[in-house]
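Presented below is the structure to which this report refers.
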Amino acid sequence: MAKNQNVNGSFHYNNIEKKDKNFMYQNLQRSNCYNSNFSNSNFDYVSFKGAHFKSCKFFQCTFRWAEFIGTNLKGSNMSDAVFENTIFDSVNLDGVNFKDTKFSNTIFLSTDIEELFNPRCINLPFSLLY
């Protein structure tokens with residue numbers, strides 16, 4: 001018998017404006033969003049396990065104690081965002097823009113960061129584990 005893998009709290013947005021929202025403590029596991037705008041939103045303590053957020057805008061969002069595990073963020077814009085105590089494990093960051101983003105105690109594990117739009121963020125204080 002097939003197991004239902006839907007997760008409560010996950011969502012599927014396509015070309016939606018979700019500015020200035022509070023997603024704190026949400027389980028966004030396996031969520032699927034494309035070309036949506038989440039600017040100025042709060043993603044503190046959020047789990048993005050297996051989520052797809054392609055070509056989404058996260059301008060000035062906060063990600064404190066968030067986890068991105070197996071997440072696809074291809075082509076997303078994370079300009080001016082804040083990442084504190086966050087982990088990126090096996091995340092697709094192709095074409096992601098991290099311009100003026102602030103990182104504090106952020107870990108990139110098994111994640112390729114060489115193709116970022118803004119390579120100067122590589123000099124910021126975060127950990128790289130391969």
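Keep in mind the model is a prediction, meaning the values are calculated, not measured. Count residues from 1 along the sequence.
Atoms CG and NZ, on N35 and K54 in that order, are 12.5 Å from each other to the nearest 0.5 Å. Taking CZ of F83 as the start and CD1 of I107 as the end, the distance is 14.0 Å to the nearest 0.5 Å. A distance of 9.0 Å separates CD1 of I16 from SG of C33, quoted to the nearest 0.5 Å. With rounding to the nearest 0.5 Å, the separation of CD1 in I87 from OG1 in T106 is 10.0 Å. Interatomic distance, NZ of K18 versus OG of S39, reported as 13.5 Å (0.5 Å rounding). Note that NZ of K57 is 11.0 Å distant from CZ of F38, once rounded to the nearest 0.5 Å.
Between the side chain of T86 and the backbone N or O of E84, at least one donor-acceptor pair lies under 3.5 Å.
The shortest heavy-atom contact between T111 and D89 is OG1-C, 3.9 Å. Of all heavy-atom pairs spanning F58 and A81, the tightest one is O-CB, 4.0 Å.
Inter-residue side-chain proximity for Y25 and V46 is flagged as unmet; no heavy-atom pair is nearer than 4.5 Å. The shortest distance between side-chain heavy atoms of S41 and F23 falls below 4.5 Å. With a 4.5 Å cut-off on side-chain heavy atoms, N40 and K19 do not count as touching. Two residues are said to be in side-chain contact when any heavy atoms from C-beta on lie closer than 4.5 Å; L93 and F108 meet this criterion.
For the residue pair T62 / D44, a side-chain donor-acceptor distance below 3.5 Å is found, with atom types taken as modelled.
With sequence neighbours excluded, no residue forms a ring pair (Phe, Tyr, Trp, His ring centres under 6.0 Å) with Y34. Shown here are the side-chain hydrogen bond (donor to acceptor under 3.5 Å, both in side chains) partners of N14, two or more places apart in sequence or in another chain: there are none.
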Anything under 3.5 Å between a donor and an acceptor, one on a side chain of residues 65-78, the other on a protein residue two or more places apart or in another chain? List them.
from: E67; atom 1: OE2; to: S47; atom 2: OG; distance (Å): 3.0
from: T71; atom 1: OG1; to: F48; atom 2: O; distance (Å): 2.5
from: T71; atom 1: OG1; to: I69; atom 2: N; distance (Å): 3.3
from: N72; atom 1: OD1; to: K74; atom 2: N; distance (Å): 3.1
from: N72; atom 1: OD1; to: N92; atom 2: ND2; distance (Å): 3.2
from: S76; atom 1: OG; to: F53; atom 2: O; distance (Å): 2.7
from: S76; atom 1: OG; to: C56; atom 2: N; distance (Å): 3.2
from: S76; atom 1: OG; to: L73; atom 2: O; distance (Å): 3.1
from: N77; atom 1: OD1; to: S79; atom 2: N; distance (Å): 3.0
from: N77; atom 1: OD1; to: S79; atom 2: OG; distance (Å): 2.5

Next on the checklist: Would Q60 and V82 count as a side chain to side chain contact (heavy atoms under 4.5 Å, CB included) here? Give the steps.
Outcome noted: CA-CA 7 Å; Q60 293 184 336; V82 176; over 6 Å; no

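Below 30°, between 30° and 60°, or above 60°: for F43 and F63 the angle between ring planes is below 30°, a parallel geometry.
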